[in-house]
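Lettering follows sequence order; numbering is per chain, from 1.
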Amino acid sequence: MSQQGVTPRSKDYSKWYTDVVLKSELADYAPVRGCMIIKPYGYELWENVKSGLDTRFKATGHQNAYFPLFIPMSFLKKEAEHVEGFSPELAVVTIGGGEELEEPLVVRPTSETVIGHAFSQWIQSYRDLPLLINQWANVVRWEMRTRLFLRTTEFLWQEGHTAHETYEEAQEETLRMLDIYEDFAVNDAAIPVIKGRKSSQEKFAGADTSYTIEGMMGNKWALQMGTSHNLGQNFAKAFDIKYLDKNNEQQFCWTTSWGVSTRMVGAIIMAHGDDKGLRMPPRIAPIQVVLVPIFKTEEEKAKVMDAVARVADSLLAVRIRLHVDDREELTPGFKFNDWEMRGVPLRMEIGPKDVANGTVALARRDIPGKEDKQIVPQEGIIPTIMRVLNDIQHGMLRQARSFRDENLHEVKDYEEFKKVIDDGWALIWHCGTAECEKRIQEDTKASSRCFPLDLNDDKESKKAKCAVCGKPAEGKAYFGRAY
RNA sequence: CGGGGCGUGGCGCAGUCGGCUAGCGCGCUGCGUUUGGGACGCAGAGGUCGUCGGUUCAAGUCCGACCGCCCCGACCA
């Protein structure tokens, strides 16, 4: 595996993506259609995503719990819009232990229903609120068409579920978690995102309002990288989630749910990758620094490996994720290309010259070509590495942001919209109706991504008209091709 | 489910007017020489040709059915 390069992005973006995932050994196809095997390198990346998010959830008062994989079919049916939205993609178990089951069990596509059921038992009084729960789990949705990490039949994710006393508190929670997703995407994954509200067409089945963070991939398509939903009292009413308020009166709770999945890994691949393969932002890279020893003779080897061990120990001591590639059957040149394809942000070389001079060679993944190699002293290597990794992290964000910004277009009318839509996203006054959105989708293949939160204020929207159908506008919406 | 492509060692492919022992590149194993941008030599290992059935003296090759995968569309985190 992992020889030579990947298909260039310009030649075939889909092929490039698949090549990168397979050749860099993030994942493999599974024996079952639409399913994937996440290999150690890919799983470690996911674990880094996980811990970045989990830390933020805990810091905002959420607790992890685990709810069952199987859900009684009848639960799904309790919320009309929810069952309607999910029934086409359910996997259902009808036989257990060789016996036909009395009631079919759904393999969870999401857990609002089981968790709603649990919440109804846990919550008695306003003193039990807010209830802030998260679970890390796998879910199954029978998709028509799948793609590694972006859309697989089974995927890993986190789903937060919370219950509150008032609409306002639920809304505050919904937006707080959206902010947390943005913070992770921007600061850890180095992907700029647009926060916004989903159109009725794109909204989660069973939610009052859905919010999203949308990222732009290398081919200018959009990817929904996380969603946060204000569920209103829909699930509270369906599952009888009630509390006794201060006036001794029964009230329905207001609930939220929010999720980020292994799709985030796909976003990281597509937002940063180049023709050489992956580029990992240092904060979440499974390997931050790869160290390649170089020597010819046994005598050189002894000295080089001695220096390698010393430098490696000092980096590991400050918890830099370092890998020493001491395979002797491969040439350094091969290793350079190999680790570049795998997206390791920083490469360090130590050879006889470095031993003689007390130096190491550094090469940054985010700067193309080999001319960026710099020789730095071993003395004070830790602060040097820290600084360079930090530079790479910020450089990647800057690069992704300028690419994204170059491909955002504000347009006045549908004609202009059609002109720019193959070349990025278009911001346009939009009525938000399903009919109008479907028409746009048929004409251009673009769907509404969101009504950006920071570009919409009510005063302006009240006067505006939809640029496509002329009906009163709901706000300015971004449209684009999407995964 | 509609359209397109494809199933031959681990990976990528050739062989497909039926014919003899199924071949090539990469990878893999051993030994030696190599090593600052994808090393080389020598010697090896590894294949029910997707499955089932049919035609034939003879099937990877022809016919039929089935299974599976990938890409493009309708559904979706």
Side-chain angles (χ1 to χ4, degrees), chain A residues 1-5 12-15 17-19 22-23 28-35 84-90 109-110 138-159 181 198 201-205 210 212-215 223-229 257-267 276 292-298 300-301 304 325-341 347-356 359-363 368-373 375 438 441-442 445 447 482-483:
Chain A
M1 274 304 284
S2 83
Q3 277 66 46
Q4 305 310 326
D12 183 343
Y13 196 79
S14 289
K15 186 78 179 4
Y17 179 80
T18 308
D19 279 2
L22 297 176
K23 289 195 170 180
D28 231 332
Y29 290 107
V32 176
R33 180 196 151 74
C35 294
E84 195 193 323
F86 279 104
S87 57
E89 48 188 274
L90 294 179
T110 178
N138 58 338
V139 288
V140 167
R141 297 180 188 177
W142 219 261
E143 299 292 349
M144 295 292 191
R145 196 168 152 234
T146 58
R147 278 168 154 293
L148 295 166
F149 288 113
L150 297 177
R151 186 178 305 105
T152 46
T153 300
E154 179 190 12
F155 58 92
L156 306 183
W157 77 344
Q158 133 305 291
E159 48 179 323
Y181 288 160
K198 280 293 188 187
Q201 171 95 339
E202 295 278 326
K203 176 178 82 64
F204 174 75
S210 288
T212 176
I213 52 169
E214 297 283 325
L223 184 73
Q224 178 175 313
M225 293 166 56
T227 47
S228 187
H229 314 290
S257 71
W258 26 276
V260 160
S261 73
T262 35
R263 174 181 273 188
M264 182 64 84
V265 172
K276 291 185 129 184
V292 180
I294 294 159
F295 50 79
K296 291 190 178 76
T297 64
E298 280 301 312
E300 282 175 350
K301 178 181 170 185
V304 165
D325 187 353
D326 56 4
R327 293 175 293 177
E328 291 191 24
E329 68 277 16
L330 297 172
T331 60
F334 181 91
K335 294 178 186 177
F336 298 167
N337 287 288
D338 197 44
W339 291 112
E340 279 170 10
M341 183 193 68
R347 183 180 74 245
M348 191 188 301
E349 303 164 22
I350 297 183
K353 286 183 226 162
D354 299 301
V355 171
T359 56
V360 302
L362 295 182
K370 59 186 173 187
E371 306 315 323
D372 68 297
K373 261 195 212 179
I375 310 295
K438 274 182 187 147
Q441 206 158 356
E442 277 163 28
K445 292 183 172 173
S447 56
Y483 279 100

- Between B:G37, B:A39, B:A74, which nucleotide has the shortest distance from any of its atoms to the side chain of A:Asn337? B:G37
- Message: Can you confirm whether A:Thr152 sits close enough to A:Cys35 that some side-chain heavy atom of one is under 4.5 Å from a side-chain heavy atom of the other?
- Response: no
- Would you mind classifying the nucleic acid contact of A:Thr152 as base, sugar-phosphate or nothing, using non-hydrogen atoms under 4.0 angstrom? base
- Task: Look at all strands and tell whether A:Arg147 reaches a base, only sugar-phosphate, or nothing, counting heavy atoms closer than 4.0 Å.
- Result: sugar-phosphate
- A:Met225 side chain reached by A:Arg263 side chain, heavy atoms, under 4.5 Å: no
- Starting from the C-alpha separation in whole Å, work towards a yes-or-no answer on side-chain contact (heavy atoms from CB on, under 4.5 Å) for A:Glu159 and A:Val139. CA-CA 10 Å; A:Glu159 48 179 323; A:Val139 288; 4.2 Å; yes
- Counter-base of B:A39, judged by Watson-Crick or G-U geometry with both distances under 3.5 Å: B:U33
- Looking across every strand, which nucleic acid part, if any, lies under 4.0 Å from A:Tyr483 by heavy atom: base, sugar-phosphate, or nothing? nothing
- Task: For the pair A:His229 and A:Phe204, name the ring-plane relationship: parallel under 30°, tilted 30 to 60°, perpendicular over 60°.
- Result: parallel
- Item | Within 45° cone and under 6.0 Å: A:Arg347 NZ/CZ vs A:Phe336 ring | yes
- Query: Using purine N1 to pyrimidine N3 plus N6-O4 or O6-N4 for Watson-Crick, or N1-O2 and O6-N3 for G-U wobble, both under 3.5 Å, which nucleotide pairs with B:G44?
  - Reply: B:C28
- Item | Strand partner of B:G68, provided both Watson-Crick or wobble distances fall under 3.5 Å | B:C6
- Begin from the C-alpha positions of A:Lys15 and A:Asp19 and carry the test salt bridge (charged side-chain N to carboxylate O under 4.0 Å, His left out) through to its verdict. CA-CA 6 Å; A:Lys15 186 78 179 4; A:Asp19 279 2; 3.5 Å; yes
- Counting side-chain heavy atoms from CB outward, which of B:A77, B:G37, B:U35 is closest to A:Phe336? B:G37
- Query: Hey, is A:Phe155 doing a stacking thing with B:A77, by the 5.5 Å centroid and 30° angle criteria?
  - Reply: yes
- Message: Classify A:Gln224 by what it touches in the nucleic acid, base, sugar-phosphate, or nothing, heavy-atom distance under 4.0 Å.
- Response: sugar-phosphate
- Query: So what does A:Leu150 touch, heavy atoms closer than 4.0 Å: a base, only the sugar-phosphate, or nothing?
  - Reply: base
- Query: Does the side chain of A:Ser261 get closer than 4.0 angstrom to OP1 or OP2 of B:A77 through an N or O atom?
  - Reply: no
- Message: Just to be sure I understand the rule, does A:Lys353 reach a base, reach only the sugar-phosphate, or reach nothing, if contact means heavy atoms closer than 4.0 Å?
- Response: base
- Item | Closest listed nucleotide, where the reference is the side chain of A:Arg347 and the choices are B:C76, B:A77, B:G37 | B:G37
- Message: Distance check, C1' atoms only: B:G3 and B:A59, in whole angstrom units.
- Response: 31 Å
- Query: On a whole-Å scale, what distance lies between the C1' atoms belonging to B:G46 and B:U51?
  - Reply: 23 Å
- Message: With a 4.5 Å cut-off on side-chain heavy atoms, are A:Leu22 and A:Asp28 touching?
- Response: yes
- Message: Is any side-chain heavy atom of A:Met264 closer than 4.5 Å to one of A:Phe149?
- Response: no
- Query: Which of the following nucleotides, B:A77, B:C70, B:G38, is nearest to the side chain of A:Arg151?
  - Reply: B:A77
- Message: Taking B:G4 as the reference, what is the distance to B:A77 when you measure between their C1' atoms (whole Å, please)?
- Response: 28 Å
- Message: Counting only side-chain heavy atoms from C-beta out, which of B:C76, B:G36, B:C70 sits nearest to A:Arg141?
- Response: B:C76
- Return the value, rounded to whole Å, for the distance between atom CG of A:Leu330 and atom P of B:A39. 8 Å
- Query: Looking only at atom P, what distance separates B:U16 and B:G32, rounded to whole Å?
  - Reply: 43 Å
- Message: From the set B:G38, B:C76, B:A77, return the single nucleotide nearest to any side-chain atom of A:Thr331.
- Response: B:G38
- Quick one: label A:Glu349 by what it contacts on the DNA or RNA (base, sugar-phosphate, nothing), any heavy atom closer than 4.0 Å. base
- Hunt down the Watson-Crick or G-U wobble partner of B:C62, both distances under 3.5 Å, from any strand shown, or write none. B:G54
- Value in whole Å for how far the P atom of B:G10 lies from CG of A:Leu22: 17 Å
- Message: Given B:G37, B:C70, B:G38, identify the nucleotide with an atom nearest to the side chain of A:Glu340.
- Response: B:G37
- Can you tell me the distance, in whole Å, between the CG atom of A:Asp19 and the C1' atom of B:C70? 12 Å
- Query: If pairing requires Watson-Crick or G-U wobble contacts with both distances under 3.5 Å, which nucleotide is the partner of B:C1?
  - Reply: B:G73
- Selection from B:A39, B:U35, B:G37 that lies nearest to any side-chain heavy atom of A:Ile294: B:U35
- Message: Applying a 4.0 Å non-hydrogen cut-off, can you work out what A:Gly351 is touching in the nucleic acid: base, sugar-phosphate, or nothing?
- Response: base
- Message: Need one value for A:Thr262: base, sugar-phosphate or nothing, where a base atom within 4.0 Å counts as base even if backbone is also close, heavy atoms only.
- Response: nothing
- Query: When you measure from the side chain of A:Asp338, which nucleotide among B:G38, B:C71, B:A77 comes out closest?
  - Reply: B:G38
- Item | A:Met144 side-chain proximity, nearest of B:C71, B:C75, B:G37 | B:C75
- For atom C1', what is the distance between B:C63 and B:G44, given to the nearest Å? 41 Å
- Starting at CZ of A:Phe149 and ending at C1' of B:C76, how long is that distance when rounded to a whole Å? 18 Å
- Considering only the P atoms, how many Å lie between B:C66 and B:G60, rounded to the nearest integer? 23 Å
- Between B:A22 and B:G27 - P atom distance, rounded Å: 25 Å
- Atom C1', compared across B:A45 and B:C31: separation rounded to whole Å: 15 Å
